[in-house]
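The block underneath contains the structure these notes are about, expressed in structure tokens.
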Amino acid sequence: MAKGERKGFVARWLEGKERSEEYARSTLPTSRWGLFWDILKGRFGRMVITNLLVFVTFLPLIAILVWRWLIVGTQGFSGPFGGGLGAGFPAIPNIAGAAEEMTFSTDLLFYGLLIPAMAIAGLGISGGMYIVRNMIWTEGIFVANDFVRGIKRNFWNVLEAVLIFSVILFTARTMGNLADWLVARGVSNAGWLIASKIIGYIFVAISALVCLWMISLGVNYKQGPWQLFRNAVVMMFGTFPQTVFFAALALWPIFLALFTAGIFLIIALVLIVFIALSYAMLVWMDYSQWAFDKFINPNMGIATGRGLYDKNKAGSAAQKSDGNMDSAALREYKRQIVAMGKSKLVCRPIKPLDDDLEIYQLPESFSREDLQKLKESKQKVVDDVDAYEEEHRDDEQYVEYNKQFEEQEKAIREEDEGKKKKKIKRPEMLNKKRR
């Protein structure tokens with residue numbers, strides 16, 4: 001085996017070690033964590049552009065949240081809470097439950113408006129998720145075109161997810177505010193009201209995880225609405241600890257913006273504008289691809305580890321002997337031969353053109369007698385060929401070829417039947433094709 005040319009110091013310095021095959025392989029990501037950092041560092045500019053496109057669709061949602069915050073803050077300085085402090089604000093002897101009642105009525109409006117606002121945000125989620133998925137698959141990216149293509153391909157799946165989450169959030173918030181109002185007014189069974197509020201927010205947390213799985217499943221596989229929801233529930237409960245961890249890892253900038261103030265709020269807002277949304281999509285989609293490779297793709301016959309360099313697989317392939325490689329190639333060649341069928345030129349004797357038999361040639365003016373002579377001459381040739389085939393049918397070369405062909409056909413048939421018997425029945429959630 002020829003060895004590579006050993007280059008001098010100047011040539012190696014000019015080219016750099018990135019031209020080395022060993023260096024190039026060593027820099028390829030071999031794990032999902034490595035792929036995440038590779039995309040974050042190597043495609044940071046496209047991540048920012050993707051984030052800005054997604055952020056535009058989140059503007060109605062952000063506007064509603066800011067508007068609600070201003071309204072709730074303003075209500076604290078007006079109405080019965082300022083009783084007796086100036087003209088026009090008469091003293092109200094009992095304002096128990098007034099604040100909770102105002103919060104209840106305010107949230108009915110604003111959490112209702114969140115439903116269409118989240119539907120608009122679904123446009124950005126569907127386009128951004130498609131771009132991030134292509135990055136993970138190491139495909140070529142055209143951000144604007146892929147963003148529009150992702151909306152066309154994935155919007156209805158994403159819309160289903162965001163509507164489920166927003167409706168559950170609206171219901172839980174409404175029931176929670178109602179429970180606070182009734183408890184403040186001193187109604188009985190306050191414990192049950194508080195328990196219902198806690199259960200409602202637990203449902204919100206679970207629905208958020210389910211909807212994350214619905215989005216990633218919808219981007220990767222073609223599924224119906226009910227099947228998509230059921231499969232997301234299966235994936236969420238089947239990988240619950242990992243799902244909670246990676247959902248928190250993906251959404252921490254958003255939690256930072258919602259539950260902090262001051263400098264931390266400013267930092268969170270800057271992150272959300274420029275990178276936090278695409279970062280969350282990258283973390284979640286990268287984790288989803290790991291889960292799909294572990295639980296779904298092998299059962300569907302889809303290659304796993306897309307976007308990763310399999311070092312172990314490459315090493316084992318390099319260590320295989322030429323004989324093993326040839327035998328694998330030979331098996332595939334035999335399979336193709338069997339699929340095409342026996343060759344009529346090889347499986348039976350064919351008489352060579354070395355005799356004096358000729359086809360009668362019709363004259364320019366021929367009669368019925370000439371046609372009869374033509375027919376008889378053709379029949380003589382056919383009979384002679386059949387006689388030659390019958391005479392040499394048992395020759396060794398034809399017998400051996402037919403025997404080998406039948407053995408190959410039988411072996412391949414038994415191999416295919418064995419695979420069918422061992423084939424694991426796919427769960428119903430896996431019977432759709434990959435996008």
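Because the structure is a prediction, the values reported are computed rather than measured. Excluded from the calculations below are hydrogen atoms, water molecules and symmetry mates; all remaining heavy atoms, backbone and side chain alike, are included.
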Spacing of [atom1] belonging to [X] relative to [atom2] belonging to [Y], to within rounding of 0.5 Å:
X      : Y      : atom1 : atom2 : value
Leu178 : Leu193 : CG    : CG    : 7.5 Å
Met281 : Ser216 : CE    : OG    : 12.0 Å
Ile266 : Leu271 : CD1   : CG    : 12.0 Å
Phe229 : Ser207 : CZ    : OG    : 9.0 Å
Trp213 : Leu228 : CH2   : CG    : 12.0 Å

**OP:** Please lay out, stage by stage, how Tyr287 and Phe245 fare under the test ring-ring contact (aromatic ring centres under 6.0 Å, His included).
**Re:** CA-CA 10 Å; Tyr287 161 65; Phe245 174 77; 8.9 Å; no
Any donor-acceptor N or O pair under 3.5 Å, side chains [X], [Y]:
X      : Y      : result
Tyr221 : Asn297 : yes
Gln223 : Asn231 : yes
Gln289 : Asn220 : yes

For residues [X] and [Y], determine if any side-chain heavy atom of one lies less than 4.5 Å from a side-chain heavy atom of the other.
X      : Y      : value
Trp67  : Leu113 : yes
Met175 : Ser196 : no
Leu52  : Val273 : yes
Phe104 : Thr174 : yes
Phe165 : Leu114 : no
Thr103 : Asp180 : no
Phe240 : Leu209 : yes

Which pair of heavy atoms, one from [X] and one from [Y], lies closest together, and at what distance?
X      : Y      : result
Pro253 : Ala268 : O-CB, 3.7 Å
Pro225 : Glu160 : O-OE2, 2.8 Å
Thr50  : Ile131 : OG1-CG2, 3.7 Å
Ala119 : Val162 : CA-CG2, 4.2 Å

Check: [X] side chain, [Y] main-chain N or O, donor-acceptor pair, under 3.5 Å:
X      : Y      : result
Asn177 : Arg173 : yes
Asn51  : Tyr279 : no
Arg46  : Ile141 : yes
Trp284 : Ala250 : no
Asn154 : Gly150 : yes
Thr239 : Gln242 : no

Original post:
Below 4.0 angstrom, N of the basic side chain to O of the carboxylate: do Arg149 and Asp146 qualify?
Top reply: yes
Subject >> Residues Arg32 and Asp293 bridged, charged N to O under 4.0 Å >> reply: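 Asp293 and Arg32: salt-bridged.
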Subject >> Whether Trp33 and Phe246 hold their rings parallel, tilted or perpendicular, with breakpoints at 30° and 60° >> reply: tilted
**OP:** Mind telling me whether Phe255 and Phe259 have parallel, tilted or perpendicular rings, with 30° and 60° as the class edges?
**Re:**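 The rings of Phe259 and Phe255 sit tilted, inter-plane angle from 30° to 60°.
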How about [X]: does its [atom1] atom have over 12 heavy atoms from other parts shown lying under 6.0 Å from it?
X      : atom1 : result
Glu369 : CD    : no
Phe44  : CZ    : no
Phe203 : CZ    : no

